[in-house]
2 protein chains.
Amino acid sequence: MTTAAVDKRRVILDAAVRVFARQGFHTCRVSDIADEAGVAYGLVYHYFSSKEEILDTLFLERWDVMLAAIAESDASQRSPRDKLYAVAAFIIDSYRHDPELMKVIIVEVTRAANTFGLTHLEKIREAYAGIAGIVEHAQADGLFRSEITPEFAAQAFYGSVEQVLTGWIFDSVPIGAPEFERAKTLIVETICRGLER
Amino acid sequence: MTTAAVDKRRVILDAAVRVFARQGFHTCRVSDIADEAGVAYGLVYHYFSSKEEILDTLFLERWDVMLAAIAESDASQRSPRDKLYAVAAFIIDSYRHDPELMKVIIVEVTRAANTFGLTHLEKIREAYAGIAGIVEHAQADGLFRSEITPEFAAQAFYGSVEQVLTGWIFDSVPIGAPEFERAKTLIVETICRGLER
DNA sequence: TGAAGCTGACTGACCAGTCAATCGATCGCC
DNA sequence: GGCGATCGATTGACTGGTCAGTCAGCTTCA
């Protein structure tokens, strides 16, 4: 685990992102990942105990950062609208920075949470809960109306963001910086107008 | 193909819904479907050319009805809000009527459109286009503001609905009639307030 | 010299799809 | 009204291919 030498574990993880994004988790072979990483088949099992553990690792690495971002946003002194903007921006920038990883997380994990263990489900719920928290605080401050439950608002918000990402993922239309910024604004604008008093 | 005799093709399709919902498309075996249907293994291949064709059939059967419902709603003389309410109501009632089928469609098809052929992608896009059409007409009539593109609004709307269904699918909390009605109202209320002038 | 990093051939299980054979309903014909 | 021909429906054992995960051994470096 030297710093100078290439960290093969990392190389395998990065290769797995590309392979999962290209072929899908179920359809790809472990040997595809090894080939993509330029590494012997067995080495994959030196670092990971199963194909699924690779996916788990990729998901958790990113998701935990997102949970922290949501919590940090809620803890800040910004307006609810700005807080939600920060969350949308984080997710959209994650896609912008590494679309393949986000594709894998959305398509293979977030939307297939039943086939895997319940660990992921719990993590995913934490994200909803975090967003719901933002809404709840806004309601307590009288800034959002209270007809709509926080849980519900969180689902609508997260669902909108994920659906927009899904559109980009599947439509294969190249997206530039202005579209990303525009998307952040539009989502927050639409949902917040619906939630604000 | 008598009326009195059981239509085995239908029996197989219905069994497949249960098996796909329970075990997932990738994880289940064709023999599981045959067993669930109380039918010999080979009969599945008498009616369907592959496991995937069964899933395709289930998806298209339902999705085409939905596309018709969206088109019909847009063609009506109702207000944009009522049109969108009708769409949300259709989807939510579909879930209410047959949650297992909707689970399969959402989890295995809608959200995994990359692994399968592009046929499904096209069908799914048709639904967005239909919803976008409703928004577009509303904008043309000056009822919705035009800052938000119809395509974008459609994604936000559909994404919200699907996310709410996903919550029900995975949370395994029993849902009653009032919750279904409430969900329809809340989604439409949230999104339309964001879109209306 | 020894331990961690690394290799890739091998195996055991699994399963989609095939197929040859049987069943049974319907029909034409005497 | 009985008899066999025909053909779709139905059966389930079998095959061929695939692949996750194993393991025995080699390499490298401290």
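Proteins come first, then strands; the chains are lettered A, B, ... in the order of their sequence lines, and each starts at number 1.
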**Q** Under 3.5 Å, which N/O atoms of the protein pair with N/O atoms of nucleotides 19-23 of chain C?
**A**
none

**Q** Distance check needed: C/dA16 P versus B/Leu43 CG, whole Å only.
**A** 16 Å

**Q** Check nucleotides 15-19 of chain D against the protein and report each pair of N or O atoms closer than 3.5 Å, with its distance, or say if there are none.
**A**
{"from": "D/dC19", "atom 1": "OP2", "to": "A/Arg29", "atom 2": "NH1", "distance (Å)": "3.0"}

**Q** Under the side-chain contact (heavy atoms from CB on, under 4.5 Å) criterion, do A/Arg18 and A/Gln23 qualify, and how do the steps go?
**A** CA-CA 9 Å; A/Arg18 273 171 267 134; A/Gln23 303 174 236; over 6 Å; no

**Q** If you look at every strand shown and take non-hydrogen atoms under 4.0 Å, does B/Val39 touch a base, only sugar-phosphate, or nothing?
**A** sugar-phosphate

**Q** Under a 4.0 Å N-O cut-off, is there an ion pair linking A/Arg10 with A/Glu61?
**A** yes

**Q** Under 4.0 Å: is that the gap between some side-chain N or O of A/His46 and OP1 or OP2 of C/dC6?
**A** no

**Q** With a 4.0 Å limit, can you tell me whether B/Lys8 has a side-chain N or O closer than that to the phosphate oxygens OP1/OP2 of D/dA9?
**A**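 For B/Lys8, the contact criterion (side-chain N or O under 4.0 Å from OP1 or OP2 of D/dA9) is not met.
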
**Q** Heavy atoms only: give me the nearest B/Leu101-B/Val17 pair and the separation to one decimal.
**A** N-CG1, 3.5 Å

**Q** Please say which of B/Ile191, B/Val188, B/Ile134, B/Leu143 ends up in a side chain to side chain contact (heavy atoms under 4.5 Å, CB included) with B/Arg81.
**A**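 Exactly one pass, corresponding to B/Val188.
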
**Q** Side chain to side chain contact (heavy atoms under 4.5 Å, CB included) with B/Glu72: which residues, sequence neighbours excluded?
**A**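 Applying side chain to side chain contact (heavy atoms under 4.5 Å, CB included) to B/Glu72 gives none.
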
**Q** Over how many whole Å does the gap from B/Asp7 atom CG to D/dG8 atom P extend?
**A**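 B/Asp7 atom CG is separated from D/dG8 atom P by 17 Å.
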
**Q** Does A/Gln163 reach the side chain of B/Phe157, with side-chain heavy atoms less than 4.5 Å apart?
**A** no

**Q** Measure from CD1 on A/Ile54 to P on D/dA20 and round the result to the nearest Å.
**A**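 Atom CD1 in A/Ile54 sits about 10 Å away from atom P in D/dA20.
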
**Q** Whole angstrom is fine here: how far is it from CD1 in A/Ile33 over to P in D/dG21?
**A** 11 Å

**Q** Inspect the contact between B/Glu147 and A/Arg193 and indicate whether a charged nitrogen and a carboxylate oxygen are less than 4.0 angstrom apart.
**A**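 Salt bridge: no.
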
**Q** When you compare the side chain of B/Asp14 with that of B/Glu36, does any pair of heavy atoms fall below 4.5 Å?
**A**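 The answer is no, as the side chains (C-beta and beyond) never meet within the 4.5 Å cut-off.
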
**Q** For B/His26 and C/dA16, what is the distance between atoms NE2 and P respectively, to the nearest whole Å?
**A**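 Interatomic distance, NE2 of B/His26 to P of C/dA16: 12 Å.
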
**Q** Regarding A/Arg182 and A/Glu179, does a basic nitrogen lie under 4.0 Å from an acidic carboxylate oxygen?
**A**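 Salt bridge: no.
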
**Q** Quickly work out the B/Phe48 CZ to C/dT18 C1' distance and round it to whole Å.
**A**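 In whole Å, C/dT18 C1' and B/Phe48 CZ are 18 Å from each other.
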
**Q** Looking for any heavy atom pair under 4.0 Å, which part of the strands does A/Ser50 touch: base, sugar-phosphate only, or nothing?
**A**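 Answer is sugar-phosphate: A/Ser50 comes under 4.0 Å of backbone atoms only.
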
